[in-house]
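The shown structure was predicted, so the numbers you read here are calculated from the model rather than taken from an experiment.
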Amino acid sequence: MARLIVIRGVDEGKRFELTAPVVTVGRHSANAVALHDTQVSRRHLEVRALPYGFELVDLGSGNGTLLNGQPVRTAPLRSGDTVALGQTVLMFSAGGEPTDANNELTERVRLQARPDQDLASAIVRTVAADAGSQILAKPAASNDWLRTRLANLAALYETAEAVSHILDVNQLLDTVMDLVFKSVSADHGCFVLRDADGKLVPRAVRYREGANRQEELAVSRTVVEHVLKERQGVLVSDVYTDNRFQAAESLHKHNIREAICVPMKGRREVVGVLFLDTQSTLKQAVSRGLSEGKFTEDHLNLASAIAHQAAIAVEESRYHEALVHSERLAAIGHTIAALSHHIKNIMQGVRFGSDMVRTALKEDDRDLLGKGWKLVERNQKRIDDLILDMLSYSKEREPNVEPTDLNRLCEDVLDLVRGRAADRGIAVEFRPGAHVGAVPCDPEGIHRAVLNLVTNALDALEDRAGAKLGVQALLEPDGHWAKIIVIDNGPGIAPEQLDDIFKPFVSTKGSKGTGLGLPVSRKVVREHGGDIVVQSVQDVGSKFTIRLPVQAAPPTDTGTAFELPPDERDP
C-alpha cells in the first residue's frame with residue numbers, strides 16, 4: 001500500500017497510508033494527511049492515484065511544494081521521492097507488499113538438496129562476484145547486443161544510486177526482475193535472499209509468458225550454496241547430455257536444460273542470488289539441436305550486473321531499517337532514564353511523608369501526621385500528573401473542536417490559581433479581548449495548555465519581589481489568528497535553554513517538574529494547526545503566546561497585547 005512517511009518536521013516518524021484515490025495533505029485536521037506545521041497551508045497538496053502510478057498536485061499553497069528539491073505544481077511520484085512543504089519533509093513509498101499471485105509462486109519454490117558430486121565439472125562458465133560493479137563502471141562488450149543492454153543498465157544503475165534508500169525491497173526486486181526478462185530469454189527466474197537468520201527466502205518470482213504457472217520452480221540448493229560460498233556466478237548448460245548431472249535430481253526432474261545463478265554482491269556483502277533457468281524436454285532439446293542453448297557468457301555477465309544493482313538497494317534498505325531501529329532503542333533508553341529520574345524524586349517525597357506519618361502515629365502527634373499526609377498527597381498528585389502528561393504526549397489525539405470563548409476559558413484558568421497567587425503575593429492581571437467569543441478549538445485541550453503556562457509562570461515568580469502575572473486573549477489584526485498571552489516578570493530563561501524547554505523531560509524546576517508540561521502544551525496547540533511562541537529576557541521576564549488559527553473575519557478593535565519592555569523584547 002502506498003504511504004507518506006514524515007522524515008523531518010514536527011510530525012517526524014508518522015506514517016500515513018494512502019487508501020483513497022485522492023488524498024489531501026495540509027494543516028487542517030480535515031485532511032487525510034494532517035500536519036502540525038504552521039508553515040503548511042490548510043489544503044497544501046493532493047496525491048492522486050492514477051492507472052499508471054501516482055501524481056502530486058500543489059493546490060496553490062502559500063509556500064509552495066518541492067519534489068526532490070525542485071519546485072513543482074504537478075508531477076509524477078515514484079518510490080523514494082521526497083516532498084518538502086513548510087518545515088516538513090515527506091518520503092513517498094508506492095508500497096512493497098507482495099501480490100497474492102507472487103505469494104502463490106514463492107510457495108511453489110523448493111530448494112532441493114542432492115547427493116554430493118563434483119559440481120565444478122558441471123560448470124561451463126564462471127564470473128567473479130564483483131564483476132557486476134566492474135561491468136557497470138566500464139560498459140565494454142564483445143557485441144552490439146550486450147553493449148546496448150549495458151548502456152540501458154548503466155542508466156538504471158545511476159538512478160538506483162540516487163534512490164538507494166528506497167524502503168520497498170519487494171517492489172524494487174519486482175522491477176529489476178522485469179528488466180531481467182526483457183534482456184534474457186529465461187523461462188523462470190527468482191531472487192533468493194538471505195534473511196536475518198541466514199535462511200534462504202525466494203523473492204520476486206517470474207514465469208515466462210505462456211509457461212505453466214502451476215508447476216514448482218526448482219532451484220538447486222547445491223548450485224545456490226556453491227555460488228554463495230565461492231562468491232562467483234555460474235552458467236550450467238546441457239543438463240541432459242552431461243553424465244555428470246545424472247545425480248542432479250532437482251535439475252533433471254524439472255526439465256531444467258540451462259541455469260544461470262549469480263551472487264547478489266553489494267557494497268558490503270553478498271545478500272543472496274539471482275537464479276534463472278530454461279526448460280525443455282529431451283524431445284524438444286533434440287529437435288532444435290543439443291548444442292544450441294539460450295544462455296551465453298554475455299547473459300551471465302548481464303545477470304551479474306543486474307544482481308549487483310539489486311544487491312545495493314537491498315543493502316541500503318536493510319541499513320536504513322537498522323538505523324531506524326537503533327534510533328528507536330536510543331529514544332527508549334533516554335525516555336526510561338528520564339522517567340526513572342523523575343519517579344525517583346517523587347518516591348523520595350512519598351517515603352519521607354510515609355516516615356512522618358509512621359512517626360506521628362507512633363508518637364500520637366496529630367500536627368506531624370497532618371504534615372506527613374499532605375506530603376504524601378502532594379507526591380501522589382505529582383504521580384497522577386506525570387501519568388496524565390505521558391499519556392497526552394504519547395497518544396495521537398484528534399481535537400474536539402467547537403466554538404470556544406477564550407475570555408471565559410482564561411478566567412476559568414485564573415480562578416483555579418488565584419488563591420495560590422495570593423498566598424505568594426503575586427499580582428494577577430487579566431485583559432479580555434474582543435472577537436474571541438467563538439474561536440474554533442478544543443476547550444479542554446487549550447484549557448490544559450493555558451493552565452500549564454500559568455502554573456509555570458507562578459513557579460517562576462515564587463519569592464520574586466513585585467511579582468506580576470498577566471493573561472490576555474485577543475485577535476490578530478488580520479483576523480486569521482487568535483492569541484492567548486501569558487506573561488510574567490520572573491527571572492526569565494537563559495538563551496541557551498530556549499531551544500530545549502519544549503523537549504520532553506527537560507525541566508528548569510528541578511525535582512518539582514515532570515519535564516512534560518511544555519511539550520504536552522505545544523503538542524495540543526499544534527494538533528490545532530497552531531503553535532506556542534516564547535520570548536524571554538533574563539531578569540526581565542518571559543512571554544508565552546499560544547496562536548490558534550480561526551476563520552478569517554474583519555476585526556474592529558483587537559486590543560493592545562502584553563509586551564516585554566520595548567528595548568529588551570527580543571533576547
Are Glu225 and Arg221 close enough for a salt bridge, meaning some N to O gap below 4.0 Å? yes
Looking only at heavy atoms, the pair that brings Leu276 and Gly189 closest together is CD2-CA, 3.8 Å
As an exercise, state the distance from NZ of Lys14 to CG of Leu90, rounded to the nearest 0.5 Å. 11.5 Å
Is the shortest side-chain heavy-atom distance between Val176 and Ile306 below 4.5 Å? yes
Which heavy atom of Lys199 sits nearest a heavy atom of Asp195, and at what distance? N-OD1, 2.7 Å
side-chain hydrogen bond (donor to acceptor under 3.5 Å, both in side chains) with Thr65: which residues, sequence neighbours excluded? His44, Asp58
Under 4.5 Å between any side-chain heavy atoms of Leu200 and Leu193, yes or no? no
Is the shortest side-chain heavy-atom distance between Ile532 and Phe502 below 4.5 Å? yes
When you compare the side chain of Glu230 with that of Thr126, does any pair of heavy atoms fall below 4.5 Å? no
Please name all residues satisfying side-chain contact (heavy atoms from CB on, under 4.5 Å) with Asp531, sequence neighbours left out, ordered by chain then number. Thr38, Arg522, Arg526
Using the rule given for side-chain contact (heavy atoms from CB on, under 4.5 Å), can you reason through Leu228 versus Arg194, listing the C-alpha separation, both sets of side-chain angles and the distance that settles it, and then say yes or no? CA-CA 10 Å; Leu228 292 174; Arg194 281 172 168 162; 3.6 Å; yes
Here the salt bridge (charged side-chain N to carboxylate O under 4.0 Å, His left out) pairs for residues 17-34, sequence neighbours left out, are Arg3-Glu17
Considering residues at least two apart in sequence or located in another chain, which fulfil the salt bridge (Lys or Arg N to Asp or Glu O under 4.0 Å) criterion with Glu55? none
Could you tell me whether a side-chain N or O of Asn31 sits under 3.5 Å from a main-chain N or O of His28, the two making a donor and an acceptor? yes
Taking the side chain as C-beta and beyond, is there a heavy-atom pair between Phe16 and Val25 under 4.5 Å? no
Do you know which two heavy atoms are closest between Leu67 and Pro76, and how far apart they sit? CD2-O, 3.7 Å
Go through the steps for Ser41 and Leu59 under the test side-chain contact (heavy atoms from CB on, under 4.5 Å), then give the verdict. CA-CA 9 Å; Ser41 298; Leu59 300 176; over 6 Å; no
Rounded to the nearest 0.5 Å, how far does CZ of Arg231 lie from NE2 of His226? 13.0 Å
What's the shortest heavy-atom distance between Val192 and Cys190, and which atoms? CG2-SG, 3.8 Å
For Trp481 and Gly530 the tightest heavy-atom approach is CZ3-CA, 4.0 Å
Is any side-chain heavy atom of Asp442 less than 4.5 Å from a side-chain heavy atom of His528? yes
Thr296 and Leu235, any side-chain heavy atoms less than 4.5 Å apart: no
Only counting residues at least two apart or in another chain, list the ones meeting side-chain contact (heavy atoms from CB on, under 4.5 Å) with Arg208. Phe181, Asp187, Ala211
Would you name the heavy atoms of Arg73 and Ser61 that are closest together and state the gap between them? NH1-N, 4.3 Å
Could you walk me through whether Val83 and Val89 pass the side-chain contact (heavy atoms from CB on, under 4.5 Å) test, one step at a time? CA-CA 6 Å; Val83 181; Val89 178; over 6 Å; no
Steps toward side-chain contact (heavy atoms from CB on, under 4.5 Å) verdict (Arg8, Gln87): CA-CA 8 Å; Arg8 192 171 70 213; Gln87 296 179 334; over 6 Å; no
Indicate yes or no: at least one non-hydrogen side-chain atom of Leu35 is less than 4.5 angstrom from one of Leu85. yes
Tell me whether Lys523 is salt-bridged to Glu527, with the criterion being a basic N under 4.0 Å from an acidic carboxylate O. yes
Check this for me: does any side-chain nitrogen of one of Asp178 and Arg206 sit under 4.0 Å from a carboxylate oxygen of the other? yes
Residue pair Asn170 / Arg203, side-chain donor-acceptor N/O under 3.5 Å: yes
So which of Leu18, Leu56, Thr82, Ile5 actually passes side chain to side chain contact (heavy atoms under 4.5 Å, CB included) with Phe92? Leu18
For the atom pair CD1 (Ile7) and CZ (Arg15), what is the distance rounded to the nearest 0.5 Å? 11.5 Å
Using a strict cut-off of less than 4.0 Å between a Lys/Arg side-chain nitrogen and an Asp/Glu carboxylate oxygen, indicate whether Asp81 and Arg78 qualify as a salt bridge. no
Could you work out, with salt bridge (Lys or Arg N to Asp or Glu O under 4.0 Å) as the rule, every residue matching Arg48, not counting sequence neighbours? Glu46
Interatomic distance, Leu45 atom CG to Thr24 atom OG1 [nearest 0.5 angstrom]: 8.5 Å
Once rounded to the nearest 0.5 Å, what's the spacing between atom CG of Asp37 and atom CG of Asn63? 8.5 Å
For Glu258, does its backbone N or O pair with a side-chain atom of Asp277 as donor and acceptor, under 3.5 Å? no
